[in-house]
Colleague: 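Have a look at the structure that comes next, please.
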Amino acid sequence: MDTIEKIKSKVRGYISEKRFIHSVGVANTAVYLSKIWGGNSGKLFVAGILHDVARDMSAEKLIEIAEKNGYRIDEVEYANPVLLHAPVGAIIAKSDFGITDEEILNCIRYHTTGRKDMSLNEVIIYVSDFIEPSRNFPDAERVRAIADKNLREALLEETYFNVCYLMNKRMPIHRRTIEMFNDFLKKELTKTQIKI
Ligand SMILES: [Fe+2]
């Protein structure tokens, strides 16, 4: 694995300046949330910096890399290929940045759709992506305030917003997002109950 400074400078070659600022915001927010909720701040920082490494790639490129690496693209991902930036981001984090830690890779892989049985680190990256400081729309500000007090509720509110947005645009909802939502309706999310 490259050093964190090397990762930071290298990731700039993959994404726009605006996206880089967002990524640093996610990394810092994830570390901040880990002070409240637990989680591994070192892994979270790396995951935050790298989570959107594939976000500026074209749909064609995302599909090409996913297929070449044996990732099984499902019909929702074909309909909305931007979703692939998360699993393809994990592929690139491994191949180009030498990240082998599965926990970091899973934070990147599932940061957009979420999934059932998310780890605390995965939840923190998922929520940080929505509330980092450069996200300044009212719903982000509302969820930011919730995340300090109840991380599970922040995740559910964020998911509600994302699903409504997709439905409004008549875009399909990924099954992993529904599975995550249903999963968190059943369980609490505290540092003692979620294993990291
Ligand atoms: Fe992303």
Side-chain angles (χ1 to χ4, degrees), residues 7-8 10-33 39 43-66 69 71 73-74 76-97 99 101-115 118-119 121-137 139-140 143-144 147 154-155 157-166 169 171-178 180-181:
I7 291 171
K8 273 171 93 171
K10 204 162 141 188
V11 85
R12 297 182 101 120
Y14 289 74
I15 52 179
S16 69
E17 184 63 16
K18 190 171 171 234
R19 190 88 60 201
F20 180 73
I21 291 166
H22 160 69
S23 300
V24 173
V26 171
N28 288 332
T29 302
V31 170
Y32 165 79
L33 287 178
K43 292 185 186 190
L44 285 166
F45 194 82
V46 174
I49 295 294
L50 281 170
H51 81 288
D52 264 353
V53 69
R55 184 63 181 76
D56 289 341
M57 287 179 178
S58 66
E60 294 73 29
K61 188 84 187 155
L62 289 170
I63 291 170
E64 184 195 316
I65 296 175
N69 286 274
Y71 179 83
I73 304 173
D74 63 37
V76 173
E77 289 165 330
Y78 272 120
N80 185 15
V82 73
L83 289 172
L84 288 170
H85 83 273
V88 168
I91 291 168
I92 289 170
K94 196 172 190 176
S95 65
D96 295 13
F97 292 80
I99 307 289
D101 186 302
E102 274 302 312
E103 181 66 18
I104 296 175
L105 295 174
N106 283 336
C107 287
I108 300 168
R109 195 174 281 134
Y110 299 110
H111 82 267
T112 303
T113 58
R115 64 162 172 166
M118 286 169 96
S119 72
N121 286 333
E122 289 171 45
V123 171
I124 286 177
I125 291 294
Y126 178 84
V127 172
S128 299
D129 191 19
F130 194 73
I131 66 167
E132 62 87 16
S134 72
R135 305 272 209 209
N136 51 16
F137 51 100
D139 284 285
V143 173
R144 187 175 300 130
L155 173 138
E157 273 297 310
E158 173 186 344
T159 306
Y160 172 75
F161 176 89
N162 289 339
V163 169
C164 286
Y165 175 86
L166 290 167
K169 296 228 166 221
M171 288 166 81
I173 315 298
H174 199 279
R175 65 171 167 77
R176 283 200 296 270
T177 305
I178 305 297
M180 169 184 64
F181 189 80

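We count ligands from 1, going down the list as the structure has it; atoms in each ligand are counted the same way.
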Colleague: Is the shortest side-chain N to carboxylate O distance from Arg135 to Asp129 below 4.0 Å?
Modeller: yes
Colleague: Which residues pass the salt bridge (charged side-chain N to carboxylate O under 4.0 Å, His left out) test with Glu17, sequence neighbours left out?
Modeller: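 Checked Glu17 against salt bridge (charged side-chain N to carboxylate O under 4.0 Å, His left out); matches are Arg12.
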Colleague: Without hydrogens or angle criteria, can the side chains of Thr159 and Tyr126 be said to hold a donor-acceptor pair below 3.5 Å?
Modeller: yes
Colleague: Sorted by chain and residue number, which protein N/O/S atoms are under 2.8 Å from the Fe ion (ligand 1)?
Modeller: Asp52 OD1, His85 NE2, His111 NE2
Colleague: Taking only distance into account, with no hydrogens and no angle test, what donor-acceptor pairs under 3.5 Å do side-chain atoms of residues 85-94 form with protein atoms, sequence neighbours excluded?
Modeller:
unit_1: His85; atom_1: ND1; unit_2: Val82; atom_2: O; d: 2.7
unit_1: His85; atom_1: NE2; unit_2: Asp52; atom_2: OD1; d: 3.0
unit_1: His85; atom_1: NE2; unit_2: His111; atom_2: NE2; d: 3.0

Colleague: Would Arg144 and Glu157 pass as an ion pair if we require N to O under 4.0 Å?
Modeller: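 No.
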Colleague: Under the rule for salt bridge (charged side-chain N to carboxylate O under 4.0 Å, His left out), what residues qualify as partners of Asp56, not counting sequence neighbours?
Modeller: Arg19
